[in-house]
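Along the sequence shown, residues carry numbers from 1. Because only heavy atoms are used, hydrogens play no part in the values below, and waters and symmetry mates are left out as well, while side chains stay in.
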Amino acid sequence: MLRDYPWWPLGDAMRLLRYVTALLFMAHASMRFVYGSIPQFAWAMEHVHGFSHGERWVLAITAYELGAGTLLLLNRGVRWAASGLAVIVSVGIYLIHRHLGWFVGEHGTGGSEYSVALLAMLLVLAAWDAEQSRQRRSTASSP
């Protein structure tokens, strides 16, 4: 009985991963409005990281996270939505989290571990979507 674990299909597991990933990004982005942290993030983008027009960057990042999360939930453009989010996460690791160490919670504050996990989730989703697309094309072109 345990050799058949887990007892649910891979497609269902990937759907769960897609939903959870989408909701994590959408929750993270929406909290910028709830907590009013856009000005603080914009200030850091400009004064700490050297980006001009920090508020525009923050709003663009936030809009992308919300839009890409919606696409992930709808199973539309998953590969491209996940790839864009992977760029955002990678830049976040480079600019912010790597300076704060590895651990996020118990053994640190703001480190890279959570972002690396998100990055892996996004890469798996993009690869799965690409594979599904290849299989659909192969099936459609078969006689």
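When every heavy atom of Ser90 is checked against every heavy atom of Leu119, the shortest pair comes out as OG-CD1, 3.7 Å. Minimum heavy-atom separation, Gly69 to Ala22: O-CB, 3.3 Å. Closest of all the heavy-atom pairs between Gly36 and Pro39 is O-CD, 3.4 Å. Shortest non-hydrogen contact noted between Ala27 and Ser30 is O-OG, 3.1 Å. Heavy-atom minimum distance, Ile93 versus Ser115: CG1-CB, 3.4 Å. Across all their heavy atoms, Leu100 and Gly110 have their closest contact at CD1-O, 3.2 Å.
A donor-acceptor contact closer than 3.5 angstrom is absent between the side chains of Ser83 and Arg79.
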Inset, instruction - Run the numbers on Asp12 and Leu16 for side-chain contact (heavy atoms from CB on, under 4.5 Å), then give the verdict. - result: CA-CA 6 Å; Asp12 290 348; Leu16 176 63; over 6 Å; no
Inset, instruction - Carefully, step by step, assess Trp128 and Val78 under the rule side-chain contact (heavy atoms from CB on, under 4.5 Å). - result: CA-CA 9 Å; Trp128 173 260; Val78 170; over 6 Å; no
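Scored by the ring pair (Phe, Tyr, Trp, His ring centres under 6.0 Å) test, Phe51 finds Trp57 as partners (sequence neighbours excluded). When the ring pair (Phe, Tyr, Trp, His ring centres under 6.0 Å) test is applied to Trp102, no partner is found at least two apart in sequence or on another chain. With sequence neighbours excluded, no residue satisfies ring pair (Phe, Tyr, Trp, His ring centres under 6.0 Å) with Phe33. Shown here are the salt bridge (charged side-chain N to carboxylate O under 4.0 Å, His left out) partners of Arg56, two or more places apart in sequence or in another chain: there are none. The salt bridge (charged side-chain N to carboxylate O under 4.0 Å, His left out) search around Arg134 returns Glu131, not counting sequence neighbours.
A continuous path of Ile, Leu, Val, Met, Phe, Trp and Tyr side chains, each step under 4.5 Å between heavy atoms, connects Val89 with Val20, placing both in one hydrophobic cluster. Under a hydrophobic clustering in which Ile, Leu, Val, Met, Phe, Trp and Tyr are joined whenever their side-chain heavy atoms come within less than 4.5 Å, directly or via other members, Phe25 and Tyr35 fall into different clusters. Under the 4.5 Å side-chain contact rule for hydrophobic residues, Leu74 and Leu66 do not share a cluster. Cluster membership check: Tyr19 shares its hydrophobic cluster with Trp8, using side-chain heavy-atom separations under 4.5 Å among Ile, Leu, Val, Met, Phe, Trp and Tyr. Residues Val48 and Val58 fall into different hydrophobic clusters, defined by Ile, Leu, Val, Met, Phe, Trp and Tyr side chains chained together at heavy-atom separations under 4.5 Å.
Residues Ile96 and His49 meet the side-chain proximity criterion, which asks for heavy atoms closer than 4.5 Å. Proximity of Leu23 to Leu72: side-chain heavy atoms (C-beta onward) are nowhere separated by under 4.5 Å. Side-chain contact between Met14 and Val124: present, with at least one pair of heavy atoms (C-beta onward) separated by less than 4.5 Å.
Note that the OG1 atom of Thr21 and the CG atom of Leu125 stand 4.5 Å from one another [nearest 0.5 Å]. From Leu71, atom CG reaches atom CH2 of Trp80 across 13.5 Å, with rounding to the nearest 0.5 Å. A distance of 6.5 Å separates CD1 in Ile88 from OH in Tyr64, rounded to the nearest 0.5 Å. From Met26, atom CE reaches atom CG of Leu73 across 5.5 Å, with rounding to the nearest 0.5 Å. Atom CZ of Arg32 and atom CD of Glu65 lie 4.5 Å apart (nearest 0.5 Å). Summarising the geometry, atom CD1 belonging to Ile38 is positioned 7.0 Å from atom CD belonging to Glu55; distances are rounded to the nearest 0.5 Å.
Aromatic ring centres of Phe41 and Trp43: separated by at least 6.0 Å.
Residues in residues 90-104 take part in no salt bridge (charged side-chain N to carboxylate O under 4.0 Å, His left out) pair, two or more places apart or across chains.
Under a 3.5 Å cut-off, the side chain of Ser133 and the backbone N or O of Asp129 do not form any donor-acceptor pair.
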